[in-house]
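Note sheet for the following structure.
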There are 2 protein chains.
Amino acid sequence: MRQTVQKPDCAAIACQDCGLYQLCLPMGLNSADTVLLDHYVKRKRTIKRGQMLYRVGEQFSYAYAIRSGSVKTSVSTEDGRQQITGFHIPGELLGLNAIDENRHNCEAVALETTSVCEISVNCFDELARQIPAVHFQMLRIMSKEIRHNQEQMLLLGKKNAEERLATYLLTLSRRFAMRNYSPTQFNLSMSRSDIGSYLGIAEETVCRILARFQEEGVIVSERRLVVLKDVKRLGSIARESRPATARVIPLLRPSHATFLNGAL
Amino acid sequence: MRQTVQKPDCAAIACQDCGLYQLCLPMGLNSADTVLLDHYVKRKRTIKRGQMLYRVGEQFSYAYAIRSGSVKTSVSTEDGRQQITGFHIPGELLGLNAIDENRHNCEAVALETTSVCEISVNCFDELARQIPAVHFQMLRIMSKEIRHNQEQMLLLGKKNAEERLATYLLTLSRRFAMRNYSPTQFNLSMSRSDIGSYLGIAEETVCRILARFQEEGVIVSERRLVVLKDVKRLGSIARESRPATARVIPLLRPSHATFLNGAL
DNA sequence: AGAAAACCTTGACGCGCGTCAACCTTGTTG
DNA sequence: CAACAAGGTTGACGCGCGTCAAGGTTTTCT
């Protein structure tokens, strides 16, 4: 996004001109390859808050790269309890995990107005054959997702509610930092209920603990706005597994953002 | 395993002669490709119960295919709480999720005497280029792991202890069924404490609920042996997300087994 | 603008399950 | 075979957090 020019509809922008190419599938490709990749990517589709990108059981026809906005993915029990498995932001690729069964096994819903690029599944074979780096990048993307899921299982299996919230806020903070947004002040695009569902705790518990953090001067939070006042203390509450060696790779303009709505 | 012949050390067996090739990396390859793949696979390494296959932070040099025995993988908080993220059995490929960071982000420990094939990471590039189907198979393997992790997050985030145990037993049962072992009678290779760590509940709770299931006539369990007496009831306790359409693909000899020790 | 819906917050209450402890059984080792 | 270690089981107790409820605030829709 944030190309300098032309049509109000940015649909025409090519991969090599997209501000996200350093985060997205083209990452690591040389420019000739990027041009080639561009041939296979269809842009774009825009969906509104609450609309579905895909649902469970649906034929796996496209993978989606998020250009702006944000998306939640979730799985459910048959009696309707829903577990949010991830929040996804610009530059991230969605839906690859349907490869195995050829149909989607989770559902993806927009948290706000969101625009995505579609990549047809039929292209993947061709694509990976013509551009070996794409193959590698697909593996990296899935590998990263597995790592995230493992951290999340650790959180869900072994941490109490306070640790979960602290971990959550710090993870968000780092994701913002990596995109050169303020790591200490941001807007959430997801509701308290979404946060609770993601962290495996009740909505009310989310509220209560945010309130407690605020009383203790660790954060300021009002509705969707969050300001981290004492990151160090937050870290000691979270008791993280890794020593938080977040390599901050400056990519984009500094500023502070909503949960990346129209951010890039 | 279970080749009919030769050396007591089965190290010499080739991929195309391995009883597991329908489950493992070679799945879907034609026989010429399998011969080629065979060139890259080093077999074998044997580790004893409690020994590590790899540890967190270790350089990612090999992926491992399990030939016999079983392995648990886990991640930990810095203060030592450990979450088991999976139990792995013959035919499964381990360690691929280290691709992204080039070092292992979980640890793998043998639950019993276990033998594995090593596949050098340096081969992957070459391999995937020469045999496109390997590329696809790697994606499928990771995709399957992500799907498993999602189900596990649902379990950890939304299910109570009883549902967790019931889900666990049924999942085991299906894995055995898929390998033509008895789905209603099997031995576990993991301790109660491991089960608890995997399911996000205390060891004592595992015992108590198994005892309760037994009182209710749903199972019989004594130490590591489990017999499922009422699978239907177990299913209704578990309240699963999918209608349990386990495609049972008969692969191997019928029998009943320990948690796959030397099973195949 | 007004109504309705969605979202957020706070309080009261109770139960599911973690924790601690004691004891038993099985496997391991010198 | 004795001694120990590891694993498994059961009971007692209490607290963290889910659930229910009520009310406030913001956003969406007509």
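Computed from a predicted structure; not experimentally measured. Within every chain, numbering begins at 1; the chains are lettered A, B, ... in the order of the sequence lines, protein sequences first and strands thereafter.
Nucleic acid contact class of A/Gly200 (heavy atoms, under 4.0 Å, all strands): sugar-phosphate only. Contacts of B/Arg224 with the nucleic acid, taken as non-hydrogen atoms under 4.0 Å apart, involve only primed sugar atoms and P, OP1 or OP2. Within 4.0 Å of B/Gly50, counting heavy atoms only, lies no atom of the nucleic acid at all.
Comparing the axis of the opening five pairs of the helix from C/dA1-D/dT30 to C/dG30-D/dC1 with that of the closing five pairs yields an angle of 60°, rounded to 10°.
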B/Asn149 vs A/Met153, side-chain contact (heavy atoms from CB on, under 4.5 Å): CA-CA, chis, key distance, verdict
CA-CA 8 Å; B/Asn149 290 347; A/Met153 287 192 279; 3.3 Å; yes

For a salt bridge (Lys or Arg N to Asp or Glu O under 4.0 Å) check, start with the C-alpha distance between B/Glu162 and B/Arg212, then their side-chain angles and the critical distance, and finish with the verdict.
CA-CA 9 Å; B/Glu162 208 173 50; B/Arg212 198 188 307 162; 2.9 Å; yes

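Considering CG of B/Leu169 and CG of B/Leu188, their distance stands at 7.5 Å, rounded to 0.5 Å. With values rounded to the nearest 0.5 angstrom, A/Arg164 atom CZ is found 10.5 Å from A/Lys158 atom NZ.
A donor atom on one side chain and an acceptor atom on the other are found under 3.5 Å apart for A/Thr73 and A/Thr85. With hydrogens and angles left out, the side-chain atoms of B/Thr77 and A/Lys159 include no donor and acceptor closer than 3.5 Å.
With DNA chain C read from its 5' end, the first of the two nearest nucleotides for A/Ser193 and B/Ala202 is the one closest to A/Ser193. Mapping B/Leu210 and A/Ile201 onto DNA chain D by nearest heavy atom places B/Leu210 closer to the 5' end of the strand.
Of the candidates B/Val71, B/Thr114, B/Ile47, B/Leu53, B/Tyr64 forms a side-chain contact (heavy atoms from CB on, under 4.5 Å) with just one, namely B/Leu53.
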Any chance you could list the contact pattern along nucleotides 24-30 of chain D? Use B for base contacts, S for sugar-phosphate-only contacts and - for none, protein heavy atoms under 4.0 Å, 5' to 3'.
BBS----

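Side chains of A/Leu228 and A/Val231 form a contact here, defined as non-hydrogen atoms less than 4.5 Å apart.
With salt bridges taken as basic N to acidic carboxylate O contacts below 4.0 Å, one links B/Asp79 and B/Arg81.
Taking 4.0 Å as the cutoff to heavy atoms of chain A, we find the contact window on DNA chain C bounded by C/dC7 to C/dA12.
Taking the six-membered ring where the residue is Trp, A/His104 and A/Tyr54 present parallel rings, their angle staying beneath 30° rather than reaching 60°.
Taking the six-membered ring for Trp, B/Tyr198 and B/Tyr168 have ring centres closer than 6.0 Å.
Taking atom CD1 on B/Ile195 and atom P on D/dG7, their separation rounds to 13 Å, with Å as the unit. The interatomic distance linking B/Ile209 (CD1) with D/dT9 (C1') rounds to 14 Å, in whole Å.
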